[in-house]
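I have placed the structure first, in the form of structure tokens, so that the comments after it can refer back to it.
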Amino acid sequence: MSNFLTKSLLALTACSALLSSVAFAVPITDVQEYSNNTAGEYFVDIDANKYNSPYYRWQDEDWGWSHNAIAGTFNSIQLDISAFDVDYFTPSSGEIDMIYVFDGSDWLSLGALAGATDIWAFSTFDLTSYSWAQAQVNAGLQVKMDIDVLTQGWAVTLGKATLTVDGGNQQCVPTPGVPCTAVSEPTSLGLLGLALASLGLGMRRRKAKIAA
């Protein structure tokens, strides 16, 4: 077997491995916001309406949403929720807005929203280590919020929620009304393109030598 043929086979093997990894780990960001609100969902449209009804919501005005189903298997799963005016809290006082996700059989608490008075901020929840997360993301992750658990008179507005797998394909800011932007091509796809280009260049050079 010629040296060129050996190198070509190795390159094709590497390309095959890259294609396999891309097929099963496509970076995706599913964004839920005002533009895709359904009945019973209250993501606010723009920052100017953050204190307005029905978006600025109080205890006993709890609500939830569902993310679109994402197929595949993933190395990382992250949920980010943009919230406004999550005031200071301790375990026994202040504003506590709890986030729950459906794990396939019951609602599981992920913890409370983070933030500060009169600002927009993302609260991040890493779902990667949960055994049920893969199946629930495939089915469409369901999320709900319990507002002002301690019933102390606090309210909160949500701007958007992003469900990101394997790094995602969009970059978002917490402020509502600001579109997310596409991120650059995944490294694995770039490497795949480079490998194929190198293989094609080698074949052209070999054909040129044979013709000469």
Side-chain angles (χ1 to χ4, degrees), residues 29-70 77-130 132-133 135-137 139-165 168 170-180:
T29 302
D30 179 70
V31 182
Q32 297 299 309
E33 55 188 348
Y34 176 82
S35 63
N36 47 25
N37 272 348
T38 60
E41 297 181 357
Y42 302 99
F43 292 109
V44 69
D45 52 352
I46 56 175
D47 177 71
N49 288 330
K50 57 182 176 284
Y51 285 116
N52 295 340
S53 178
Y55 311 112
Y56 196 52
R57 299 181 70 80
W58 306 77
Q59 193 262 342
D60 288 336
E61 292 184 323
D62 308 326
W63 61 282
W65 65 93
S66 295
H67 285 272
N68 293 314
I70 304 176
I77 303 171
Q78 180 173 299
L79 175 66
D80 292 282
I81 301 172
S82 162
F84 176 79
D85 197 30
V86 180
D87 298 277
Y88 173 82
F89 71 87
T90 68
S92 60
S93 66
E95 181 174 357
I96 298 179
D97 305 310
M98 296 298 294
I99 298 299
Y100 296 83
V101 294
F102 188 67
D103 67 4
S105 60
D106 203 354
W107 288 94
L108 175 72
S109 172
L110 295 180
L113 290 174
T117 303
D118 296 336
I119 67 166
W120 287 102
F122 272 126
S123 298
T124 298
F125 303 95
D126 188 350
L127 309 183
T128 307
S129 63
Y130 291 102
W132 48 262
Q136 295 309 307
V137 170
L141 186 70
Q142 299 176 61
V143 188
K144 69 178 183 179
M145 174 174 59
D146 185 358
I147 302 170
D148 191 20
V149 173
L150 300 179
T151 63
Q152 296 186 350
W154 303 103
V156 64
T157 301
L158 296 191
K160 65 190 70 171
T162 65
L163 180 62
T164 301
V165 297
Q170 297 185 68
Q171 185 70 40
C172 303
V173 298
T175 307
V178 179
C180 299

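In this chain, residues are counted from 1 in sequence order.
- The ring of Trp63 has its center closer than 6.0 angstrom to the ring center of Phe43.
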query: What do the steps show when you test Val44 against Phe84 for side chain to side chain contact (heavy atoms under 4.5 Å, CB included), and what is the final call?
result: CA-CA 10 Å; Val44 69; Phe84 176 79; over 6 Å; no
Notebook entry, point to check: Would Tyr55 and Ile46 satisfy side chain to side chain contact (heavy atoms under 4.5 Å, CB included), going step by step from the backbone distance to the final call?
Noted result: CA-CA 10 Å; Tyr55 311 112; Ile46 56 175; over 6 Å; no
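- Put simply, the side chain of Leu158 reaches to within 4.5 Å of the side chain of Met145, judged on heavy atoms.
- Within the 3.5 Å criterion, the main-chain N or O of Asn68 finds a donor-acceptor partner in the side chain of Asp30.
- A distance of 7.5 Å separates SG of Cys172 from CD of Glu33, quoted to the nearest 0.5 Å.
- At distances below 3.5 Å, not a single donor-acceptor pair connects side-chain atoms of Asp85 with backbone N or O atoms of Thr117.
- Of the candidates Leu79, Val31, Val137, Leu79 is the only one forming a side-chain contact (heavy atoms from CB on, under 4.5 Å) with His67.
- Taking CG from Asp87 and CD1 from Ile96, the interatomic distance works out to 12.0 Å, rounded to the nearest 0.5 Å.
- Between the side chain of Lys50 and the backbone N or O of Gly159 there is no donor-acceptor pair closer than 3.5 Å.
- The six-membered or imidazole ring of Trp120 lies away from that of Phe122, with a centre-to-centre distance of 6.0 Å or more.
- A distance-only check finds a donor-acceptor pair linking the side chain of Asp148 to the backbone of Gly153 [under 3.5 Å].
- At a threshold of 4.5 Å between non-hydrogen side-chain atoms, the residues Tyr130 and Ile77 do not count as touching.
- In this structure, a donor-acceptor pair under 3.5 Å is absent between the side chains of Asp106 and Tyr100.
- Between Gln32 and Val143, every side-chain heavy-atom pair lies at or beyond the 4.5 Å cut-off.
- Looking at Glu95, its side chain never comes within 3.5 Å of a backbone N or O of Trp154 through a donor-acceptor pair.
- Leu141 has its side chain within reach of Leu127: a pair of non-hydrogen atoms, C-beta onward, lies under 4.5 Å apart.
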Would you please test Phe125 and Ile81 for side chain to side chain contact (heavy atoms under 4.5 Å, CB included) and show each step? CA-CA 8 Å; Phe125 303 95; Ile81 301 172; 4.0 Å; yes
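- The CD atom of Gln142 lies 10.5 Å from the CG atom of Asp103; values are rounded to the nearest 0.5 Å.
- Side-chain atoms of Asp47 do not come within 3.5 Å of backbone N or O of Pro176 as any donor-acceptor pair.
- Asp80 has its side chain out of reach of Ser82: every pair of non-hydrogen atoms, C-beta onward, lies at least 4.5 Å apart.
- The distance from atom CD1 of Ile147 to atom CE of Met98, rounded to the nearest 0.5 Å, is 13.0 Å.
- Crowding of Gln152 atom CD: a count of heavy atoms from other residues, nucleotides or ligands under 6.0 Å exceeding 12.
- Residues Ala121 and Gly115 share a closest heavy-atom pair of CB-CA, 4.2 Å.
- Taking all atoms of both residues into account, the shortest heavy-atom contact from Asp146 to Val149 is O-CG2, 3.7 Å.
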Using the side chain to side chain contact (heavy atoms under 4.5 Å, CB included) rule, take Asp62 and Lys144 through it: C-alpha gap first, then chi angles, then the decisive distance, then the call.
-> CA-CA 8 Å; Asp62 308 326; Lys144 69 178 183 179; over 6 Å; no
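- In this structure, Ile119 CD1 and Thr175 OG1 are separated by 10.0 Å, a value rounded to the nearest 0.5 Å.
- Here CG of Asn36 is found 11.0 Å from NZ of Lys160. Values are rounded to the nearest 0.5 Å.
- For OH of Tyr34, the number of neighbouring non-hydrogen atoms (other residues, nucleotides, ligands) closer than 6.0 Å is 12 at most.
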